Amino acid sequence: MTEEFEPKIIAFLCKWCSSAGSDLAGVSRMEYPPNVVPIQVMCSGSISPLYIFSAFNRGADGVLVSGCHPGDCHYIKGNLYARRRLALVKKLLEHLGLEPQRFRMSWVSAAEGQKYTQVIKDLVRDLKPLGPQTKLRRNV
Amino acid sequence: MVKLEDLKEEARRLLKEGKVKYIIAYERNPLDGRAVPAFLRKPEDADRIAWDPTCVHNLVRFLVDEKRRKAKEKNPDTRPVGVVVKGCDSRALVILLQEKFIERKDVHILGLSCEKTGVADERKLAKRLKGKKAVRVEFGPEDNFTVTTQDGAVTVPAAEVLAGRCLECIANFPVVSDLLLGEKTKRTVANAFASVEPLESLPPEEKWKFWQEQFRKCIRCYACRSVCPMCYCDECVADTINFAVTADTPAEEKAQKIKWVEKSPLDSENIFYHLVRAIHLAGRCIDCGECERACPVNIPLRQLNKKMEKEAKVLFGYEVGFDPDKPALISCFRDEDPQDFIR
Amino acid sequence: MKKTGVFICHCGINIAGTVDVKKVARELSQQPGVALAEDYVYMCSDPGQNLIAQAIKDKGLDSVVVACCSPTLHETTFRNASQRAGLNAFRCEIANIREQCSWVHKDMSKATPKAAQIIKSTVKRVQKNEELEPISVPVTRRAMVIGGGIAGIQASLDLANSGYEVILVEKSPSLGGHMIQLSETFPTLDCSQCILTPKMVEASKHPKIKLMTYSEVQDVTGYVGNFKVKILKKPTYVDPAKCNLCDECSKVCPIVVPNEFDLGLTGRRAIYLPFPQAIPASYCLDDKNCPSLFPVACGKCYHVCKPKAINYDLKPEIIEEEVGAIIVATGYDLYDKEKMAEYGLGRYPDVLDGLQFERMCSASGPTQGKILRPSDQQEPQEVVFIQCSGSRDPELHCAYCSKICCMYTAKQAMLYKHHVHDGQAYIFYIDIRSGGKNYEEFVQRAVEEDGVLYLRGKVSKVFQEGDKLKVWGADTLSGKKIEIDADMVVLAMAMRPAQGAQELAKKLKLALDKDGFLAEAHPKLRPVESVTAGMFLAGAAQAPKDIPEAVAQASGAACKAITILSQDRLYHSPTVAKAVKNLCTGCGMCVAVCPYDAIALKDGKVEVNEVLCEGCGTCQATCLRAAIQVKNLTQHQLHEMILASLGG
Amino acid sequence: MDKILPKKDFPLWLKNLSAYALYAPRLVDEAWSYEFVTDPARVSLDYPLTVVPAKKIIFPQRESYFEFSQDDANGYRLAETLPEENPVVIFGVRPCEGRALTLTDKVFGGEFEDLYYWKRRRAVTLVGLACGTPPSPNCFCLSVDGSPHSREGLDILLTDLGDKYYVEAFTSKGEDLLAKGGAVFAVPLPEDKKAADKIQADSENKLARRLENIKDVPLKLKGMFDSSFWDEESLSCIRCGICTYLCPTCHCFDINDEVESATPLRGRRVRTWDTCQFPDFTMHSSGHNPRPEKSSRLRQRINHKFQYFQEVWQNWQCTGCGRCITLCPVGIDIVKVVEKVRDHAS
C-alpha cells in the first residue's frame, strides 16, 4: 500500500476577509488538512493570472484564491475585478484540459472560519483522487 | 465590390497632397502572387497597391512599429500614417485606440470591406489545388475566388478556402475608418464560436492530449506574438532578460525582472508562454488569426484566443474591438457577472 | 547576501505544541540569506522583543521575520521593536504559524513542514522589502459639511464647538432640511420646529461656522487633509442683512407656484420666505420662476422694498475653499409620486404622502394644524395609512426597508386621533418594526389609547368612488379581503437618496450602494466613513434613518473628521502602488480599476497619488506589463513566495 | 558504393537498423517534420521539405550542459550531462541541409570543439535525398555553391528513380548502413546509373530561383553598414525568429540556468537556440543594446550569411533551402534582399 497522495496547495487569501476568516478558524480551533500554504495578499483583486499559472508551473497540485463576499471588499470592488479575471483564468485552464477541481475560488468572510475550514477540506478531498498535477508542472 | 482603383486614387491623393506620412498597404509579390505589406511614400507608389484574398496580414501591427520609431525621433513628422484595414484589422485598431496606444489623429484609415467572403487560407488553398501553384488569387465572381495557376484560371467557392477566422468573422467591414470601400452590409455568421465547440466538448484528458501534442511542437520563434498588434509590450513575460532598462535604470529595478518562464521549449514552458499570451489577449484579441497563420508548425492558436473571446461574450456580454471608449474587459465588471464557480 | 533574522515563537504550547519549533529553526537557519533563526517561548514578551532587538544590533540584521500569531495581533509590536533597534519597520514581517497552522492541525509531523514553508515564503518576501517611511501630508484644519438638515447642522456644531472652522453648504435657501417640516416627533411628540430652530440659530450665529445657503458644491479635488472645493453660490437677489421680512414684495409678486415647504399643499410667490423660521431670515427671489428677471420686466418687488434689499444684478459666484475633511449629509427625498400610481398619489387630492400629512398636522402648516381633506376642507372620518408604500418591494419598487415609517405612521395616526377624536385610523402594515428606545411602547399606545386599527396586509388598490376613497386590501391575519371607504389615505412613502446626491457623489468620487445611498467604508466597522479617505457620511444620505440616529451619526462623523483635523500632519501607510514608468504604455486600465482614484495618466504614463492609494493591488493584477507594483508586495515578491511555498 | 533499393523494400532496410534511432519526415498537422520512426512501414520519403531542419536533432533547441545542486550532505555538485552517443540515422535529408551541417561543423569544430554538438554529430548518419524537382518554389541552392544533388555533409544520397532509389554511399558510416541492409539492396545496372545522373543533371535546370553575381556582395555589404537601405528593407519585419530558427545554418544559442529548486539548490545549465532577430539577443545588462532596431537585426542576418561567414570561413552561410522565404509571415525574401544589395549604388 503506497502512502496516500497529499496534494500541495497554494491559497491566496485576502487580508481583510479570507485571511481573517482563516484566523478565526484557528482561534476557534477548527481542524483542516495541512496541505495548504497560505499567502496573504491585500485583496483578491491583486491576484494576477500569472501567479496562478506560476504556482501550477512550479508544482502546485491545486490553487485557491479566496476573497471577501461581493459588497464586503475592503477596497470596495477589488473582488469583483478578481471574479471576472479569474473566471477567465478558470475557463482557460479548463479549455486546456486541466482538471476543473485544481483551481478554485471562494468567498470567505472574516466571520466564516467554519466555511474556510470546509473550503480547505473540500479542496483536499477533491484533489486527492486526481493525484499529482503534472500537466503544467515544470520538469527541467 | 471594392474598386481597387478607388483605393489607389485615394492613396495617390493623400500622398500627393502630403496628408499622410506614408501609407501601409498591400502589394503583390510577383514571384508567388501573394500579397505582402507595402510602405508607400510617393504618389506613384499607389500603383502598386493590391487587394485580393491573399491580403491576410493585419497591417495595424505596423502602427506599433511606427509609434516606437516616432518616439525616438527628435522632430517627428506628426502627419498621420495611412493604413489599409479589413474589418478584423480595424477592430485591432479600436483596441489600440481603447488602450491609448495610438491616437485617432495619428492614423488615416483606409477601410476595405471583405463583403461576403474574406481572405484565403494558404494551406487550404494549396490542398484544394492539389499541388498546383497559385500565381494569382482574386475576389469574385460573387462569393468565389478566381485562382490562376500555370494551367489557367479556376473558380473556387470562397467558403472552401476561406481562412478559419473569416468563417467566424463578426465584422466583415471596418468598424472605424476615414474611407470605406466596398459593401457595408453586415454579414452574420450562424455561430461565431463554432470552431471551439468540438474541443470544448471533449473530456479534460482528451483536451489535454490535444494541447500537449500541439504545444510540444512549439519552437518558441514567437512569430505569434511578433505578428500580433496587441502584443506591443516592451517586455514580454517570455523574455528572459530585462528589456525596458536604460543606462540609468537602477540595479534594483533590473533585478525585478522575473523569470516566469524558461527559454527552453519544454512542454511546461511552452504552455506557460501560451497561457499567458491567451490571458493577456482576453478581451483584446479580435481574431485576426494572424498568430495561427504565422505559426510555422501550425499550432491552432485561435482555439485559445477564440475561447477567451467566447467567454467574454457569454459570461460578461463583452464584445471586443468595437468601441474605443469602452473600458477594457478586465478593467470593468458587472454586478451580475457570473460567480457560480466561486463557492 | 541578505541578513535576515527569523524568530520563532512557541506561544507557550500554542505553537510549540503542534510545531516542532526547534526543527523549524534549524531548517530556517540553513536558508540562503538567513543570518540566524531562533525560537523563544513568548516573542511578544519584553524579553522576546529584546531578543529580536539585540540580534538586530549584534548581527546587523537587515530584515526580520517573526513567526508567531496572526499579523493582526502583533505586527505593530514587532515592527516597533525592530524600529527601536534601528531596523526600518517595514523590513519586519510576520509569518502566521499559529492561527493558520498550529491551531488548525494536530499532527506535528505535518504542521512542522507547513510552518517552515510559511516562514520561508515570508523570508523571501521580507528580503525584497523596501525600507519605507510613512507618507506624511499636512492638514488643512477646517471642514466642509454638505447639507443643512439636522445631520449637517449637528455635525457642523460639533466641529465648530471643538474649535474647527466649518463651511456649511446647503442647496436650498434655508437651513432645516426635512426635519423642520415635521409636526411632532416620535416617540415623545415634542414639536420638531421647537427643538430644531435653536440649533439652526446656533449654527447660523456660530463664529466658526461659515454658512452658505442656496449653494452647491461644484467640484472637489485633492485628498484627505487637503481638499480644494469649489462652491457655487446662487443669488437670492435679496440682501439678508437688509431684508426686514415685511412681506411687501411677496404681496405684489404676480407669480404663484407650489410651495415646496408645504409640498404643494399651498402656493408661494416667486419672491418668498421659505418658511417663517427660515435661516437666514430673508426673502429669496426664485429666478427659475420669476419670468421677468432677465431682462428685468416686472420690477414690482424692487419698487415696494423699503430697505432696498433687492438687487437684480447679483450673479452666481464660485467660492473656492480649502478643507481637510468633508462630511456629506445630503439627506433624503420621498419616493417619486408617479411611481405610486396604484395608490392614486398625485391623482386623487385626498391621497397624501407622509410629509404632506406632517405639514397638515403642523401648527404652522397650510391648515394651521387642522386635519382637513384637501378636496373639500372637511374633517376626514376614516383615514387609511399605508406603510411600506414603495419600500420592501423588490419587484416593483425599493427592496429595502425605509425604517422610520412604522414609527411615524403610528405617530401620524395618533396625531389624527388627537385632532379628530371620533375618527377611525387604519394602518396597513407588513410588519411593525419598532426597535428603539421607547418605540414599541409608543406603537402600543397608538393601538391601546388611540384605538388605531392595525391591519396586517398590503393594499392592492386605492380609487375614488364618489367622495370616498375605496381602499382594497387584504388582512393576512384573518385571511379576509378588506374594503374601506376612506376619506383620506396617507402613504408612508419610501425614503430614497436626495435628488442630486448621485451627481454630488460623482463630484466627490464617493461610491453609492445599489440603492443609490452613499456607501460606507465598511458596513459594520466603518459606518460613518466613506470609501474616500477624509470624507464622512451623516444622516439619511447613507441609509434611511430617524432623527436620533442621524444626530448620532453626525456627531460620529464630526468626531471622525476631528481625528484628521486635530493632526498637524497625516500619516499614511507607505505600502502603496508605484509606477514602473519604462514598462508603462499608458493604456489606463489601472486608472479604471483603482477604487480610490489614486492613479492618473500624465504624459502617457501612469502616476500614483500615494496619499490616496490604499495599496490594494488591483492595479497590479490588471496591468498587463507589470508597470505598477505595490511596494513590499510586488510581483517579484509574490513570485518568490509562490516558489518558496511550493518548496522550491 | 552504389546500390539500388526498390521502394517497396525501403521498410525492410529500416527494420534492419534496430541499432539506430531512426528519424524520417512525417506530416504533422500539415507541416513536414523529422520525427522519430516508430513504424518503418509508414515511412515515405515522398515529401517536399520539412519546416524545421534536421539541425534540431544534432543541435537540439535545448541542450543540457550540466546539472548543479547544493545541499548539506554533498555541498556543491556539478554533473556534466553530455549527450549519449547513440547512433542516429536521419532519412530524406535534402542536400542543402547536408551542406548546412558542414557549415555548422566549422563553427562548432576547430580549435575548440563543442563536445555537445560533436557527440551528436558523430553519432548521426545522414541519408540524403537528391531533389529531382525542387522541393520548394524558393529553392536556390545552385546560387550559393550547392546543388540539388550535393553530397557534402551527407553519408548516403538517394536518387528517386520512380519505383526504386539509386543509392550512393560515400562515407564509412554510409557504407555501414548499407551493409546492415544486406540483401535488400541490388547492384545497379549501368542504365540505373545513367538514369540517376540524368535526373541529377536535369534537376539543376528546374530551380526557379537564382541569386546570381554575388561575388562582390561581401564587399558591398561592408560598405552598406550604415545605409538607410536596412531601414527600408526591414519595414515589414516583425522581429520573429522564424527565418533563423528554421535556417539549417543558423546556430546561435543562449545559455541559461534553469533552477528547479532554490533550497536545496537544484537545477541545470542549458543552452537553447537564440536568434539575432530577437531584440534581447544583443541586450547588455547595462541597458545598452547595440542592435536596438529591427533594421540592424535584418542587416546582421544578411551580413552574417553573406559577409562575415565568407570572411571567416570562405563560404556563404546559406545553402539556399528557401525556408526563410517561404515561412516568413510578411514575405521578406532573402534572395531579393541580397539582389538589392548587389545592385545597390554605393
Side-chain angles (χ1 to χ4, degrees), chain A residues 44-45 48-59 64-71 73 77-108 115 118-119 122-123 126 130 133-140, chain B residues 196 199-200 202-212 214-215 237 258-262 264 266-269 271-283 303-312 314-316 318 328-343:
Chain A
S44 56
S48 160
L50 273 169
Y51 306 154
I52 296 154
F53 299 154
S54 192
F56 283 126
N57 179 264
R58 295 306 181 114
L64 169 72
V65 177
S66 189
C68 309
H69 287 271
C73 177
K77 50 192 180 175
N79 54 350
L80 301 179
Y81 291 115
R83 177 174 71 181
R84 177 170 276 208
R85 188 170 14 249
L86 300 180
L88 290 166
V89 169
K90 188 158 178 64
K91 290 285 182 189
L92 180 60
L93 288 172
E94 289 177 21
H95 195 56
L96 212 70
L98 189 77
E99 298 87 345
Q101 298 91 320
R102 295 209 188 266
F103 173 56
R104 186 166 167 183
M105 191 168 172
S106 65
W107 304 135
V108 172
K115 180 171 178 190
Q118 200 54 48
V119 165
D122 290 354
L123 189 54
D126 291 349
L130 297 182
Q133 184 277 120
T134 53
K135 289 173 181 166
L136 305 181
R137 173 188 231 134
R138 130 182 329 195
N139 185 10
V140 294
Chain B
V196 290
L199 187 61
E200 280 177 330
L202 294 180
E205 285 317 305
E206 284 177 48
K207 279 184 196 161
W208 173 248
K209 224 180 114 204
F210 170 80
W211 283 117
Q212 197 180 24
Q214 292 303 332
F215 288 132
V237 159
I258 306 163
K259 203 176 182 187
W260 294 103
V261 54
E262 298 292 352
S264 289
L266 298 166
D267 287 4
S268 65
E269 307 308 286
I271 288 163
F272 192 101
Y273 161 67
H274 287 289
L275 271 177
V276 174
R277 204 177 105 81
I279 204 76
H280 272 188
L281 285 174
Q303 283 285 344
L304 287 180
N305 299 329
K306 201 75 192 168
K307 173 68 178 172
M308 289 292 93
E309 191 185 338
K310 177 178 175 179
E311 295 304 341
V314 173
L315 299 178
F316 313 125
Y318 191 96
L329 174 67
I330 55 160
S331 62
C332 63
F333 61 83
R334 301 183 301 179
D335 287 336
E336 66 270 28
D337 277 357
Q339 53 182 17
D340 48 340
F341 71 103
I342 306 171
R343 289 174 294 158

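Just so it is clear, the structure is predicted and the values come from calculations on it, not from any experiment. First the proteins, then the strands, lettered A, B, ... as listed; each starts at 1.
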Among the listed options [options], the residue most often paired with chain A at heavy-atom distances under 4.5 Å:
{"options": "B:V276, B:L304, B:D267, B:I258", "value": "B:V276"}
{"options": "B:L199, B:I271, B:L202", "value": "B:L199"}
{"options": "B:A278, B:A282, B:C332", "value": "B:C332"}
{"options": "B:A312, B:P204, B:P203, B:G283", "value": "B:P204"}
{"options": "B:L275, B:V196, B:V261, B:V237", "value": "B:L275"}

(message) Under 4.5 Å from any heavy atom of chain B, what part of A:K115 do you find: side chain, backbone, both or neither?
(response)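 Just its side chain gets close to chain B.
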
(message) Within the 4.5 Å heavy-atom criterion, are A:R84 and B:L329 side-chain neighbours or not?
(response)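 Yes; the side chains approach each other to less than 4.5 Å.
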
(message) What I want to find out is whether A:K91 reaches B:E200 closely enough, with some N-O distance under 4.0 Å, to be called a salt bridge.
(response)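 Salt bridge absent between A:K91 and B:E200.
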
(message) Among B:K306, B:K310, B:K307, B:E311, which residue satisfies the side-chain contact (heavy atoms from CB on, under 4.5 Å) criterion with A:H95?
(response)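 It is B:K307; the other options fail the test.
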
(request) Would you name the heavy atoms of B:I342 and A:W107 that are closest together and state the gap between them? (result)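 In this case the closest contact between B:I342 and A:W107 is CD1-CZ2, 3.3 Å.
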
(request) Grab the two heavy atoms, one from A:G97 and one from B:K207, that are nearest each other, plus how far apart they are. (result)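 What the structure gives for the nearest pair is CA-CB, 3.7 Å.
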
(request) Examine A:R138 relative to B:F272 and say whether NZ or CZ is less than 6.0 Å from the centre of the six-membered ring and inside a 45° cone about the ring axis. (result)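 No.
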
(request) Let me know if B:F210 has heavy atoms under 4.5 Å from chain A in its side chain, its backbone, both or neither. (result)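 Neither part, no heavy atoms under 4.5 Å.
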
